[in-house]
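Written below as structure tokens is the structure these notes are about.
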2 protein chains.
Amino acid sequence: MDLSERKLSILKAVIDDYIMTGFPVGSRTISKKHGFELSSATIRNEMADLEELGFLDQPHTSAGRIPSHKAYRYYVDRMMKVARLNAAEAGKIRSYFEDRMSEIEQVMEKAAQVLSETTHQISMVLRPQLKQSLIKSIQMVKITERKAILLVVTNAGLVKDSVIVVPEGISSDYMEMISRLLTDKLSGKTLEDAEKDLITGLNENVRENSDLVDDIVEAIETSVEPHGRKGIVLGGTQNIIDFPAYMSVEKAKNFISVLESKDMLYDMMKKASQLEFSVTIGHENEAEELSDMSVVTATYKIGGKSLGSFGVIGPTRMDYSKIVSILGYVSNSLNSILSDFTEIGD
Amino acid sequence: MDLSERKLSILKAVIDDYIMTGFPVGSRTISKKHGFELSSATIRNEMADLEELGFLDQPHTSAGRIPSHKAYRYYVDRMMKVARLNAAEAGKIRSYFEDRMSEIEQVMEKAAQVLSETTHQISMVLRPQLKQSLIKSIQMVKITERKAILLVVTNAGLVKDSVIVVPEGISSDYMEMISRLLTDKLSGKTLEDAEKDLITGLNENVRENSDLVDDIVEAIETSVEPHGRKGIVLGGTQNIIDFPAYMSVEKAKNFISVLESKDMLYDMMKKASQLEFSVTIGHENEAEELSDMSVVTATYKIGGKSLGSFGVIGPTRMDYSKIVSILGYVSNSLNSILSDFTEIGD
DNA sequence: GTTAGCACTCAATCAAGTCGAGTGCTAACA
DNA sequence: TGTTAGCACTCGACTTGATTGAGTGCTAAC
């Protein structure tokens, strides 16, 4: 089935406009906004034809037209030009795939997940502040010809286990040598310091493998500041549709954007990590935006030290007793899991 | 500030009822549902007092009462009993923390995340079907006194890297021996078969360390069927609030529950993994529930073989051209990342 | 084939009216 | 003095009807 040139361009205009705006498109709009040299009446005639052919639908008599499923199909099959992504978007996608999660990171994600699913609220987890943890050892293990796993073990446990590519022909012995070298040089230092040291001090010893060194440095870097974002993991943001105060889509979006900026949450959670439990109700929240929300938090420990907090946020009408008991259980679970990471005895 | 016994129990009844139902609570409700031996009029008097004291609010003159923030605070501080979690809930929480993600799992999560954030739709990623991948080698590496990392390498790359606890006093040499033993015994087999073999065949050799064997079996188990759930990762479910068709909260919840059951999605994605790209619009979807949704999918390869698919789902009104180009880019990224996992040369 | 003109349609919006859950108050009762 | 029945009152939720205006289809002229 072939359409005339003109019908085609009108159809395309309708589809484009509707995809952009979401409102039914009228004949006048087409003739004005899309630069046709035709009057709205003419467009109307053509649109009537397109409707008869099944490409356009009319929600009701006096509304504009919207593309039918058939129109989308036609558009996808025959009219659509697939643009290349611009650099910014491509970069964004790439950066997502570039960082891996450490064991601890994973536990944080799991915690966020389980909290939101059991409480039906939005959950928040503050990542542990690892900058100051001390390195115990660094090991590289060859797993295939050109791949190795780098393990960074600190007094807060295993914080990084990432796959790195190694130059061909490196022996297991050589790797072990490097591992020992790294451990000697860095053990006892904080992750933060280690990062600096590595860049300046290591190159001489393994100059011939500077790519490898770069990979190692990068791995340690991302273990200090994973993702480079504020250290909050959110979970269950879809639960917002259960919040009665946000029946209006407008408000809900607004709140979501508050959550996503994360600054406010970060400050809150940071403060909360002082107290084993905290319940903040409505106006007690410092932030204006949260005056009809409640926040319940608890803390987790790594190596006996309270290193971070987690909790939920939701409407003041929440089942506090249940939530507190869940938080308590999760706190225990986290402490025991995280202490598993930490070795006893030093 | 102390309240009379009766006021207290009325306040508690209001809070409990309101937390349950979400509707303002009337005096009649209290006197009936909560088993008071008082008439509604008496309750009304008490409620009027409680309102004056600031514990109850009235949305408007002729409505029931809702607890004020002050009431919640009082409740949390003085009245609330924190129950112990029942076994089912505790179990659910524990099971979340029990499984770790393999490298590949992580990549899947990242893909879901980046897709939903760039397209503003709900994203779906089908986990690779690994049952049939062949084991290349198995290695255990001691990282601290009582911890080791178990690495399972297949022809689809590294599929599992989990921390396991080992009995005290096991030497690195002994571990290397076990690694070699496992590799000899299992290399060339599929993960599925390996699992069965392990349970029956290995115990004799390392009988004294049956806990260790159990851990290893479990690790391989979860790499075959991670999480034990249908193999779909969802992302960006909060984007549902941007779907105009789901302005009504009722419908939105309904759709979310369709998503969460996953059966339908699983079948769809499984089918989609045959085609490099697919666009399914509106009624073209087999499922009734999705007749006003469109699904766009693409596939990823591991070791040159198309092992899974991913895509987005949203209202038929979506920017197909942009979405297809994003999917294309993600497909390329995934292929190159996943082929990094796979070693060249066998 | 194109366009101006005009009657027509129908969702969206708003005002007025009705309904009913729940209240506060009063007076009687234990 | 505390409790209760009775009743007028309030006000949001819902219904109904009128109004508006964007956009159409059709006709007749160009």
Side-chain angles (χ1 to χ4, degrees), chain A residues 3-11 13-15 17-18 20-68 71 244-245 247-250, chain B residues 3-11 13-15 17-18 20-68 71 244-245 247-250:
Chain A
L3 298 175
S4 76
E5 197 62 38
R6 194 165 74 179
K7 282 200 172 52
L8 217 66
S9 62
I10 289 176
L11 182 57
V14 173
I15 294 176
D17 200 275
Y18 184 66
M20 285 287 274
T21 67
F23 292 109
V25 189
S27 53
R28 228 181 110 81
T29 315
I30 297 286
S31 116
K32 289 271 166 79
K33 251 184 30 183
H34 294 266
F36 283 84
E37 301 275 303
L38 297 169
S39 77
S40 63
T42 311
I43 307 273
R44 267 206 296 286
N45 290 330
E46 294 285 31
M47 281 166 88
D49 290 350
L50 284 168
E51 185 174 351
E52 204 165 332
L53 290 168
F55 288 105
L56 294 180
D57 286 337
Q58 221 175 353
H60 55 88
T61 327
S62 66
R65 258 71 169 208
I66 63 176
S68 69
M247 296 279 268
S248 106
V249 178
E250 214 37 60
Chain B
L3 298 175
S4 76
E5 197 62 37
R6 194 165 74 180
K7 282 200 174 50
L8 217 64
S9 62
I10 289 176
L11 180 57
V14 172
I15 295 177
D17 200 276
Y18 184 66
M20 284 288 274
T21 67
F23 291 108
V25 188
S27 53
R28 229 181 109 80
T29 314
I30 298 285
S31 115
K32 289 272 166 81
K33 250 183 32 183
H34 293 267
F36 283 85
E37 301 276 302
L38 297 167
S39 78
S40 63
T42 311
I43 307 275
R44 268 208 293 287
N45 290 331
E46 294 285 30
M47 282 166 86
D49 290 351
L50 284 167
E51 186 174 350
E52 205 165 332
L53 290 167
F55 288 104
L56 294 180
D57 287 338
Q58 222 175 353
H60 55 88
T61 326
S62 66
R65 258 72 169 208
I66 63 177
S68 68
M247 296 280 267
S248 107
V249 179
E250 214 37 60

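Naming: A, B, ... by sequence-line order, numbering from 1 per chain. Any value given below was found using the heavy atoms of this structure, including those in side chains, with hydrogens, waters and symmetry copies removed. None of these values were measured; they are calculated from a predicted model.
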Point to revise | Intra- and interstrand pairs of DNA chain D - dot-bracket, Watson-Crick/G-U under 3.5 Å, | marks other strand | key: ||||||||||||||||||||||||||||||

Exercise for review: Could you pull out the closest heavy-atom pair between Pro59(A) and Gly64(A), with the gap in Å?
Suggested key: CD-O, 3.4 Å

Review point. Do Leu38(B) and Glu46(B) have side chains that get closer than 4.5 Å, going by heavy atoms?
Key: no

Revision key, fill the gap. Applying salt bridge (charged side-chain N to carboxylate O under 4.0 Å, His left out) to Asp57(B) and not counting sequence neighbours gives none

**Study point:** Candidate pair Leu3(A) and Leu53(A), rule side-chain contact (heavy atoms from CB on, under 4.5 Å), full reasoning
**Key:** CA-CA 10 Å; Leu3(A) 298 175; Leu53(A) 290 168; 3.7 Å; yes

Identify all side-chain donor-acceptor contacts of residues 22-37 of chain B below 3.5 Å with residues at least two apart in sequence or on another chain.
| residue | atom | partner | partner atom | Å |
| --- | --- | --- | --- | --- |
| Ser27(B) | OG | Arg44(B) | NH1 | 3.3 |
| Lys33(B) | NZ | Asp17(B) | OD2 | 2.9 |
| His34(B) | NE2 | Asp17(B) | OD2 | 3.0 |

Revision key, fill the gap. So OG of Ser4(B) and CD1 of Ile10(B): to nearest 0.5 Å the spacing works out to 7.5 Å

Study note, to complete from the structure: The correct set of residues in residues 26-34 of chain A placing a heavy atom under 4.0 Å from DNA chain C is none

Practice item. Return the set of residues passing side chain to side chain donor-acceptor pair (under 3.5 Å) with Ser39(B) (not counting sequence neighbours), or none when no residue passes. Key: Thr42(B)

Review point. Taking all atoms of both residues into account, what is the closest heavy-atom pair of Pro67(A) and Leu56(A), and its distance?
Key: CA-CD2, 4.0 Å

Check nucleotides 1-3 of chain C for protein N or O atoms closer than 3.5 Å to its own N or O atoms and list the pairs.
| residue | atom | partner | partner atom | Å |
| --- | --- | --- | --- | --- |
| dT2(C) | OP1 | Arg6(A) | NH1 | 2.6 |
| dT2(C) | OP2 | Arg6(A) | NH1 | 3.3 |
| dT2(C) | OP2 | Arg6(A) | NH2 | 2.9 |
| dT3(C) | OP2 | Ser39(A) | N | 3.1 |
| dT3(C) | OP2 | Thr42(A) | OG1 | 2.6 |

Review point. Nearest-Å distance, CG (Asp17(B)) to P (dG22(C))?
Key: 11 Å

Under 3.5 Å, N/O pairs linking protein and nucleotides 10-13 of chain C:
| residue | atom | partner | partner atom | Å |
| --- | --- | --- | --- | --- |
| dC10(C) | OP1 | Thr61(A) | OG1 | 3.0 |
| dC10(C) | O4' | Ser62(A) | OG | 3.3 |
| dC10(C) | O2 | Ser62(A) | OG | 3.2 |

**Study point:** Span of DNA chain D in contact with chain A (heavy atoms, under 4.0 Å)
**Key:** dA22(D) to dG25(D)

Exercise for review: For Ala71(A) and Leu11(A), work out which heavy atoms get closest and say how close.
Suggested key: CB-CD1, 4.1 Å

Review point. How would you list all residue pairs meeting salt bridge (Lys or Arg N to Asp or Glu O under 4.0 Å) that involve residues 47-56 of chain B, not counting sequence neighbours?
Key: Lys7(B)-Asp49(B), Glu51(B)-Arg65(B)

